[in-house]
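Counting begins at 1 with the first residue of the sequence. Note that this is a predicted model, so its numbers are computed, not measured. Note that ligands are numbered from 1 as they come in the structure, with each ligand's atoms numbered from 1 the same way.
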Amino acid sequence: MSSYFSQAAACAGVAGALYVTSPAIWAGLRKRSIENNTAYFDMQKLGTSREASTKIPGTAVVCGGSIAGLITARVCHDHFERVLIIEPEAWLTTEEGQLTEAYAQASKRARIMQYDAYHGFHAFVYSALANLFPNFDEEAANSDVKVDRTNMDFRVSGVAPPPAPKYYGGNYPKRLWGSRRGLETLLRRLALDKKAYPNIEQVVGSVVSLVPDKHHSGTLAGVVYRDETGTTREIPAALIIDATGAAQAGQKWLSELGYAQDLHIQSYNPRAVYACIIMRVPPSFWDSLSHMPDNARGPGAGPVMFLMPNIEKENRAAVVVRNEHGFIHMIAAAWGSPDMPTTLDEYIAFVHSLHVLEPLPDWLFDFLDKLHEVEDTFTLQKIRQSPSSLLPYEKCQSLPDNFIALGDANCRINPIYGQGFAKVVTGASCLNTLLWQTRNDLVIPRNFGRKFFNLQAPKIQPFWTSPKLFDYPRPDTVPVPGEYDTQFFKFMRWYFGSIRKLARKDEQANLVIYRNGMMLDSAPIDLFHPLLVTKVFWRWLTGVA
Ligand SMILES: Cc1cc2nc3c(=O)[nH]c(=O)nc-3n(C[C@H](O)[C@H](O)[C@H](O)COP(=O)(O)OP(=O)(O)OC[C@H]3O[C@@H](n4cnc5c(N)ncnc54)[C@H](O)[C@@H]3O)c2cc1C
């Protein structure tokens, strides 16, 4: 046994003894782990409004009207007298930006290259949206975005997942099935609903700078934006939220005013590439596919199959889902520069050629083959993902009291892990928690911005760190300077892989993996529950793993 493994086994032994002597200690640690490193408890508090008389006078200015902007605007509506979204893309303020049939939009989302790329959403995201918008399910149905308890067929190296954990008694967490375009458009329709949220307004413009408050040092007085006509306008703000996504514009705005001079952006490039395919099938398409499993077939939105690689053996992945209004979204994803499919036949060959430990079911290929019938609907978009980046504002010496950044404006990761929306919900939930904690203040208190970043950072850290486990071993990945695929990362990959194998027979391991995938009541330390650690090492020692 290597010294690392003996140390790990010794730690597991001590933790095991602790657990046996006092399960209450473990329960306490677990609660703290959820509290500190996830936004699960924060998310549960979303959607409760302050009394009108205790709302903060003034305007919460949200820079960017995409996922982070819309969700944050909705959160701010519960706490501020006025919320203003400033978004450059003019068509988003028209009816077209809120259509129930989002696919009919003629305008293009100029700054969001992934508008038509496959997106998956954790149950955590659905729960947050259902808390924020009481009519979410109803409006989702109007958009044909599906809300249900379907489990997905998520295969690593082609190995079929175990049945969903018995813990739920069949009452699995609800989740969302729909396209990015569909969900973003639905969110806009919900958040900009004047009857439900009369104080939220969206204007067309590009924020260019921030205005310091001459009377209160350390505070910002407002933002400057350029409107549609090119005219520069100034808007006073009580709180400024950077939701500019990939532009990550806040760092420049702060730097111009002398703030966050010591912001050291961390960045690495997983060199991920995507081929995003969209096709459209009529309802009758499914008639001859009755041999497919129920959760993978049918005209409503839902999963078909997720094929993730064992990163040591394969650098490619594939996802196939059904989206609203009969659209099928398929991706071929890869690290590095392998040949990517450009036609349906090449996509089928791509899926066939993936490294798998168990043969993929025939029904998958029957389904893919049948797509030839609608080949005239085939569209393809290739995306070379930009580097991942983290802006650790919490480490800066000097920050204004009333500025925050969330969503991709704060952290951008390899999208293969599908965590972008969950990251947004995490940031917006942290904001809501802090605004609740300070609900007796009718102004944004001193150091609010710093408190926000301190609260958000440890909850964003898992989003930033865990992809490295799987990105760093790829030879094409360019890591954060000074970092590399450490022995610890290698051990963690082995450990996760062992839990995944164990999950096929063991309910505890199955539940840990399932909860992790839902991002609900999942504590990071669940993976290191003493009993689970013992099972993994026992299997290893006895040669089962
Ligand atoms: C190929 C691909 C696949 C993905 N798949 C998934 C997935 O499966 N699941 C998932 O959860 N996530 C996924 N993501 C990530 C997800 O799309 C992003 O995390 C999400 O869009 C972030 O939302 P945001 O609002 O923070 O930023 P964005 O969506 O980038 O929006 C930023 C907004 O700010 C506006 N803006 C920019 N500059 C200014 C300015 N100066 N002033 C005012 N407004 C400005 C822009 O016009 C835009 O509307 C994927 C990403 C990619 C690239």
Heavy atoms only, cut-off 4.0 Å: how does A243 contact ligand 1, side chain, backbone, both, or neither? backbone
Does ligand 1 have any atom that is closer than 4.0 Å to a heavy atom of R109? yes
Pick, from G65, G420, A333, the option with the minimum heavy-atom distance to atom 10 (C) of ligand 1. G420
For ligand 1, is there an atom lying under 4.0 Å from some heavy atom of Y118? yes
Just wondering, do P309 and V156 contact through their side chains at under 4.5 Å, heavy atoms? no
Could you name the option among I112, V321, L70, V425 that has the heavy atom nearest to atom 30 (O) of ligand 1? I112
Out of all atoms in ligand 1, which are within 4.0 Å of some heavy atom of A68? Include the element for each. 24 (P), 25 (O), 26 (O)
Nearest non-hydrogen contact with atom 7 (C) of ligand 1 belongs to which option: G245, A117, G120? G120
Is S66 close to ligand 1, meaning an N/O of one under 3.5 Å from an N/O of the other? yes
Based purely on interatomic distance, does Q385 place a nitrogen or oxygen under 3.5 Å from a nitrogen or oxygen of ligand 1? no
Modelled atom types, side-chain donor and acceptor of S66 and R111, under 3.5 Å: no
Is there a side-chain contact between I311 and R474 (heavy atoms, below 4.5 Å)? yes
Within less than 4.0 angstrom of ligand 1, does H122 place any heavy atom? no
If we ignore hydrogens and angles and just use 3.5 Å, is the side chain of Q202 paired with the main-chain N or O of E87 as donor and acceptor? no
Looking at C430, is its backbone amide N or carbonyl O close enough to the side chain of Q456 to form a donor-acceptor pair, meaning the two atoms are under 3.5 Å apart? no
May I ask you to identify, for Q114, whether its side chain, its backbone, both or neither come under 4.0 Å of ligand 1 on a heavy-atom basis? side chain
Can the ring centroids of F463 and Y417 be said to lie less than 6.0 angstrom from one another? no
Under a 4.0 Å heavy-atom limit, does V125 contact ligand 1 with its side chain, its backbone, both, or neither? neither
Counting only pairs under 3.5 Å, give me each side-chain donor-acceptor contact of residues 186-194, with atom names and distances, residues two or more places apart or in other chains.
residue : atom : partner : partner atom : Å
R188    : NH1  : G97     : O            : 3.3
R188    : NH2  : G65     : O            : 3.0
R188    : NH2  : E184    : OE2          : 2.6
R189    : NE   : E139    : OE1          : 2.8
R189    : NH1  : Q98     : O            : 3.2
R189    : NH1  : L99     : O            : 3.3
R189    : NH1  : S143    : OG           : 3.2
R189    : NH2  : E139    : O            : 3.1
R189    : NH2  : E139    : OE1          : 2.8
R189    : NH2  : S143    : OG           : 2.8
D193    : OD1  : K195    : N            : 2.9
D193    : OD1  : A196    : N            : 3.4
K194    : NZ   : P198    : O            : 3.1
K194    : NZ   : I200    : O            : 2.8

Best match, E87, R111, Q419: closest heavy atom to atom 48 (C) of ligand 1: E87
Residues that A301 engages under side chain to side chain contact (heavy atoms under 4.5 Å, CB included), provided they are two or more places apart: K146, W177
